Number of protein chains: 2
Amino acid sequence: MMGTIMRHLTIGKLAREVGVGVETVRYYERRGLLAEPPRKASGYRQYSADAVRSLRFIRRAKELGFSLAEVAELLALREAPEPACPDVKRQIATKIDDIGERIADLRRIRGALEELHSRCESTGSLGVCPILALLQEDTP
Amino acid sequence: MMGTIMRHLTIGKLAREVGVGVETVRYYERRGLLAEPPRKASGYRQYSADAVRSLRFIRRAKELGFSLAEVAELLALREAPEPACPDVKRQIATKIDDIGERIADLRRIRGALEELHSRCESTGSLGVCPILALLQEDTP
DNA sequence: ATAAACCCCGTACCTAAGAACGGGGTCAAG
DNA sequence: CTTGACCCCGTTCTTAGGTACGGGGTTTAT
């Protein structure tokens, strides 16, 4: 058999692929974030490429400051077929706004860092620190 | 004495102002994130308005997924006057890039949610979930 | 001037998110 | 066919980031 792309990953390969520990993968499964994969007769988990993507998503979202509970919510939205739509729609809108605020905050911090950076570059003179200035804004 | 704006806050007022617990404020002080304020003769901490801003900044950054250690680094940059500039400049650039990636990730997630939202709105039909689609992208 | 509300400090406790362990089965390479 | 690497499960340990407690002084509103 040649040409058969790697269809199934063991938990160890999956974990290494995404850069997490095996324990973490099993933990996510227990938490319901990662679907339970099919098993071999031996009991070994067999993951598909989709699992790699799901796992990557979870990591990304977690690095962005979402708790695992929030990640679970995001993933749950994916499952909402259409029946709960009227209500789910609000939830989605709320999350969109929330993310918009996060982006704005990050931009503000980045802007301050950029100013620091260029200031560092040009003159050696240093007036007010832009990070401090950033702190000045209360509700921009 | 009228007209004197509240110059000094007790720790409790500071905490309430920002929406955290008193213990949290003291914890941040211990961690070196928040400067030790002057004290009254009684030992009570006296905070200025700056403390409110610093504390808000810490909370924002933390909600954005920065660890307290990272927040401390960000705040430390503020202090770097100019001597360590050559080296610090790299650090700043790195952080700027890091934040850029976070923003990109958030945008991608938001985009997916927006599509979910509009899809919910228009037809009841539901093809592939955009969040699932988002997961498909490996290195966009 | 006294009670309620607040502050001090130190220590103990808690939750989230894993990481490590231990005893045992499994798979592939030599 | 055995040996090293890998997997199973359940349980325990750790770390970050707070929270709560307890005993005692301080401020403030009545």
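All values reported here derive from a predicted model rather than from experimental measurement. In the text below, chain A, chain B and the rest are named by the order of the sequence lines, each starting its count at 1. Quick note: numbers below take in every heavy atom, side chains included, and nothing from hydrogens, waters or symmetry partners.
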Base of dC8(C) paired with side chain of Tyr44(B) (donor-acceptor, under 3.5 Å):
no
Options dA17(C), dG18(C), dT26(D), nucleotide nearest the side-chain atoms of Ser42(B)
dT26(D)
With Arg45(A), the side-chain hydrogen bond (donor to acceptor under 3.5 Å, both in side chains) member among Glu29(A), Glu36(A), His8(A):
Glu29(A)
Looking only at dC6(D), dG18(C), dC7(C), the nucleotide nearest the Lys62(A) side chain is dG18(C)
Does Leu74(B) reach the side chain of Phe57(B), with side-chain heavy atoms less than 4.5 Å apart?
yes
Side chain of Val22(B) - closest among dC9(C), dC7(C), dC7(D):
dC7(C)
As a test of reading the structure: which of dC9(D), dC6(D), dG18(D) is closest to the side chain of Arg16(A), going by heavy atoms?
dC6(D)
Taking the minimum atom-to-atom distance to the side chain of Thr24(A), which one of dA19(C), dA17(C), dG10(D) wins?
dA19(C)
Can you tell which of dC6(C), dG18(D), dG10(D) lies closest to the side chain of Arg59(B)?
dG18(D)
Regarding the side chain of Arg39(B), the nearest nucleotide among dG18(C), dT26(C), dC9(C) is dC9(C)
Are the side chains of Phe66(B) and Lys95(B) in contact, using a 4.5 Å heavy-atom criterion?
no
Nucleotide nearest Glu23(B) (side chain, heavy atoms from C-beta), chosen from dT19(D), dG17(D), dC6(C)
dT19(D)
